[in-house]
Each structure stands twice: as structure tokens, then as C-alpha cells.
Amino acid sequence: RAQAEIDAITGGERLPSFSDRSVLPYIEAVCKELLRWRVVTPIGAPHATSEDDIHEGYFIPKGTLVIPNVWSMLNDPAVYPDPKTFNPERFLTDDGQFKDGPGLTGVFGGGKRICPGRFIVDNTLFISIAMVLSVCTVGRKDDSKYGPLERNEHMGSGLVCFPQPFSCTIVPRSKKAAEIVVSAVTETSDQ
Ligand code: HEM
């Protein structure tokens, strides 16, 4: 579906660009679902309350350490049904337009110390996914080095989580797609 959406805009003749973003809602949804499905900072960053507070009946004194359970918010079945399934469509309306999801901004923390890198993340995710999928097909692969993919497709643990090593296949979709990649690389190295 992602590739069909891109092809409808580029005609398979060029790489997608940032100016195509508003007409690629499914790619937008893929980016958001990736941030939700594999949470990079599952417990955000610790903060402290700067004054006494009451939250849902609980008294929280000034100076209390607060750790946001971002993973739980983004895996709440009441908000994101069947949360373990990668399903970009949860970020689309019935007529295929992009819709943001509750709690997703929590991925980057909040308040004065919210992640300043979130704009880089947003743009890099979009352009990388759109460009790669426009010219390549990415496939699953089991191998003797890392074993069955299912066993390795989880994230590591820690304050910052990332996928465990895994194998995959990345192949050009066509001869034309391979030519587009070569000419983009040549143009970049000429600059
Ligand atoms: C998916 C990628 C990323 C995620 C999920 C992420 C998440 C976070 C979170 C949760 C915080 C703590 C915010 C808080 O205190 O509430 C943070 C802080 C920060 N992030 Fe990111 N981040 C990402 C990428 C980046 C990138 C690419 C950069 C820089 C290019 C960056 C720079 C920073 C900096 C400098 C802070 C500290 C801000 C401060 O304490 O004032 N992050 N990030």
C-alpha cells in the first residue's frame, strides 16, 4: 500500500520529496505507527514536580520524581486496539486522511525539556521511508547468523531502546528504480 501510494504521486519516475508529504498520508501513518509500535524511549526522561500537585486524587509533593510510562500510554488497548500489531491504518480516517494519535507527542517528552530533535526525527523518518520504499522492496529474512526473525524482532531494553540485530532483504523494485538510485547518488556526490 505504501509503494502504491508513492507510485501514484511519482509515477515511478523520480524519488519522492518533502513537497509530496501532504499527499502521502499512508507514509505519514507508517512513520507515526513506527514511533508508537517500537517506542524508543519507553519511560521518557525522569522529571521532578516543581510544586505540590494532586493528580486523580493522589497528592504529589513538590520535588517528587516522576517517570512517565510512555510505553504503556502507546500500548493502551483502549486507545490503540490490538496494540502489539503494526497497523498504520490506526492513524488514518475512513477516507484515508492522516489523523494524529493521542499520547504520541509523549514519545518526545514534554514541557520545557521536550526533545528538540523531534523535528529532525519527524523529517528524517518521513523522507527515509518514502525514498527507500519508492525504489526498494524491503523483505523479511531468517538466517543462521541471527536466527528466526520472530525471535529477534523485539527492541532491546534500556532508557533508549533500539531493535536487536536482524537480517532483511533490500532489493531494487525494477531496473528503472535502480537507475533512479544511481543517478541520485551521482548527483549528490557531484555537489
Ligand atoms: C526517535 C528519536 C528520538 C526520541 C524518541 C527522543 C526522545 C527524547 C525524550 C523522551 C527526551 C526527554 C524529554 C523530557 O525531558 O521530557 C529527549 C531529550 C532530548 N533529545 Fe531527543 N529523542 C529522539 C531523537 C533526538 C535527536 C535526533 C536529537 C538531536 C539531533 C535529540 C536531542 C535531544 C536533546 C538535546 C534532549 C535534551 C533536551 C533537554 O533536556 O532540554 N533527540 N529526547
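Ligands are counted one by one from 1 in listed order, and the atoms in each one are counted from 1 as well. Computation of the quantities below employed the complete heavy-atom set of this structure, encompassing side-chain atoms and omitting hydrogens, waters and symmetry-equivalent molecules.
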Tested for side-chain contact (heavy atoms from CB on, under 4.5 Å) against Ser134, the lone hit among Leu15, Val181, Asp20 is Leu15
Protein residues near ligand 1, heavy-atom distance below 4.0 Å?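 Val40, Thr41, Ala45, His47, Val107, Phe108, Gly109, Gly110, Arg113, Cys115, Pro116, Gly117, Ile120, Val121.
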Distance only, no hydrogens: is a donor on one side chain within 3.5 Å (strictly under) of an acceptor on the other, for Thr85 and Asn87?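 Not at all, the side chains of Thr85 and Asn87 share no donor-acceptor pair under 3.5 Å.
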Return the minimal non-hydrogen interatomic distance between Ala45 and Pro68, and the atom names on each side.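 Heavy atoms of Ala45 and Pro68 come nearest at O-CD, 3.6 Å.
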CZ on Arg113 to NE2 on His47, rounded to 0.5 Å: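 Answer rounded to 0.5 Å: 7.5 Å.
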Does Val40 belong to the same Ile/Leu/Val/Met/Phe/Trp/Tyr cluster as Leu34, with side-chain heavy atoms less than 4.5 Å apart forming each link?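 No; Leu34 is not reachable from Val40 via cluster members.
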Applying salt bridge (charged side-chain N to carboxylate O under 4.0 Å, His left out), run through Glu5 and Arg1 and close with a yes or a no. CA-CA 6 Å; Glu5 183 181 72; Arg1 179 165 176 184; over 6 Å; no
